[in-house]
Amino acid sequence: MNLNSVVEVKRPASADEIRQWRDGYAWLAGGTWLFSEPQDATDTLIDLDQLHWPALEASSAGLDIAATCRIAELYRFEGPAEWIATPLLRECCNCFLASFKIWNAATVGGNICMSLPAGPMISLAAALEATLTLWPRDAAPREVPAVDFVTGNHTNVLQRGELLRNIHLPARALSGRFALRRASLTQLGRSAALLIGTRSVHSDDDLLITITATTPRPLQLRFDRFPSANDLRQAIDARIPADSYFDDVHGTPAYKRHLTYYFAEQIRAELARPAKPAQPGVRA
Ligand SMILES: Cc1cc2nc3c(=O)[nH]c(=O)nc-3n(C[C@H](O)[C@H](O)[C@H](O)COP(=O)(O)OP(=O)(O)OC[C@H]3O[C@@H](n4cnc5c(N)ncnc54)[C@H](O)[C@@H]3O)c2cc1C
């Protein structure tokens, strides 16, 4: 839609050009949300496109994803064979309520900054224990764990004018096993539940379960010893009070609570099974 309140679009070549932030400014990434509804409080868009940040940079330390990386670019990423969690990137792209038109415009950073409970890039970043690099205006960059970035439905830790620059997925997490479960009330609809379990390949006992969409913000259950079904259920109860599940048109809190137990146990059972031996040249 046309944004009638917008009178200027800035296209900086460097984020440093925007030192003074004022009410009415908004960073523009893919624009898929910004242009989907009126933005009466916004008069100036600051387009991130001309910053030309490299979308994806793989190294021995892990994968750096620029905030401006398009969903379609992430979907096409091929990691080294030892990064057996690489298929999770695609699986999370498939969790959007979105057509290819959205994928070609929407960015990873835009999805994280939207901070919706059903933001699949938030689920991905939290599950793979990402570190986010934030660029405040007129202060040194800072880093936050992805799981702590979202604070509630459509709220996060970004300060006024602060820019999300980078999402770093560590090689250790990319080298681990994973299991994903998702439910939506309609085919290709917005997620009512999106749970991801991860387990490192070098430990017999660990398990990390990341719960998203059923709760307003991501929550994680970390086990140093592989839990029984009963341990897992108790950990969910201890972490998520029954009245704190997310209530919206995509599912009632009772339904989302049920899905949380159901999927967490499915993930636990799947990751309890021994890993399939890797075949040369074939990704697990
Ligand atoms: C048909 C349709 C389906 C959708 N399905 C989903 C869905 O399933 N799940 C979901 O979560 N969302 C969904 N959305 C909402 C939205 O499109 C996505 O969240 C998308 O990923 C936003 O990315 P973008 O790059 O287009 O962000 P924009 O629309 O450009 O920006 C979104 C917000 O983030 C801010 N922002 C963007 N980048 C940065 C940055 N680097 N640093 C700081 N602030 C920044 C902007 O100022 C704005 O407030 C959908 C939208 C549509 C139209």
Side-chain angles (χ1 to χ4, degrees), residues 1 3 6 9-12 15 18 21 23-53 55 64-75 91-126 132-137 141-142 144 146 149-150 153-167 182-194 212-213 216-218 246 248-251:
M1 65 158 47
L3 296 180
V6 172
V9 179
K10 292 181 187 289
R11 294 196 168 83
I18 310 297
W21 194 263
D23 291 345
Y25 277 11
W27 298 114
L28 168 64
T32 59
W33 175 75
L34 277 169
F35 287 97
S36 73
E37 55 185 74
Q39 306 290 344
D40 292 340
T42 301
D43 59 47
T44 302
L45 295 175
I46 303 166
D47 194 346
L48 301 176
D49 212 37
Q50 299 304 310
L51 301 178
H52 295 304
W53 293 333
D64 284 290
I65 307 171
T68 46
C69 174
R70 312 274 165 191
I71 304 304
E73 291 175 297
L74 186 68
Y75 188 83
E91 289 200 28
C92 287
C93 294
N94 282 324
C95 292
F96 271 95
L97 154 65
S99 70
F100 70 91
K101 288 182 280 188
I102 298 288
W103 277 23
N104 283 322
T107 64
V108 175
N111 186 248
I112 293 173
C113 294
M114 277 298 296
S115 302
L116 299 175
M121 297 299 106
I122 299 163
S123 318
L124 172 70
L132 307 185
T133 303
L134 310 182
W135 282 2
R137 299 302 83 216
R142 62 180 182 129
V144 295
F149 179 82
V150 178
N153 178 26
H154 208 16
T155 60
N156 56 46
V157 301
L158 283 178
Q159 303 289 319
R160 202 164 170 268
E162 197 166 27
L163 185 61
L164 170 59
R165 166 65 182 87
N166 190 65
I167 300 103
R182 172 179 185 253
S184 168
L185 285 179
T186 55
Q187 196 191 8
L188 302 177
R190 186 165 285 188
S191 301
L194 176 45
T212 54
R217 59 175 296 259
F246 187 53
D248 72 349
V249 293
H250 305 290

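One-based numbering, in listed order, for ligands and for the atoms of each. Index from 1, following the sequence.
- Panel note: side chain Arg137, backbone Ile18; a donor-acceptor pair is recorded below 3.5 Å.
- When heavy-atom distances to ligand 1 are checked against 4.0 Å, the residues falling inside are Trp27, Ala29, Gly30, Gly31, Thr32, Trp33, Leu34, Leu48, Ala67, Phe96, Leu97, Ile102, Ala106, Thr107, Gly110, Asn111, Cys113, Met114, Leu116, Ala118, Gly119, Pro120, Leu158, Glu162, Leu163, Leu164, Arg190, ordered by chain and number.
- Taking all atoms of both residues into account, the shortest heavy-atom contact from Asp49 to Arg70 is OD1-NH2, 2.9 Å.
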Begin with the C-alpha distance, continue with both residues' side-chain angles, and end with the deciding distance and a verdict on ring pair (Phe, Tyr, Trp, His ring centres under 6.0 Å) for Trp53 and Trp135. CA-CA 14 Å; Trp53 293 333; Trp135 282 2; 5.7 Å; yes

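- Relative ring orientation between His154 and Trp33 is described as perpendicular, the plane-to-plane angle rising above 60° on a 0-90° scale split at 30° and 60°.
- For Asp248 and Arg190, the salt-bridge test fails: no basic side-chain N is under 4.0 Å from an acidic carboxylate O.
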Name the atoms and distances for all side-chain donor-acceptor pairs under 3.5 Å in residues 107-125, with sequence neighbours left out.
residue: Thr107; atom: OG1; partner: Gly110; partner atom: N; Å: 2.8
residue: Asn111; atom: OD1; partner: Met121; partner atom: N; Å: 3.0
residue: Ser115; atom: OG; partner: Ile112; partner atom: O; Å: 2.8
residue: Ser115; atom: OG; partner: Cys113; partner atom: O; Å: 3.3
residue: Ser115; atom: OG; partner: Asn156; partner atom: ND2; Å: 3.0
residue: Ser123; atom: OG; partner: Gly119; partner atom: O; Å: 3.3
residue: Ser123; atom: OG; partner: Thr212; partner atom: OG1; Å: 2.9

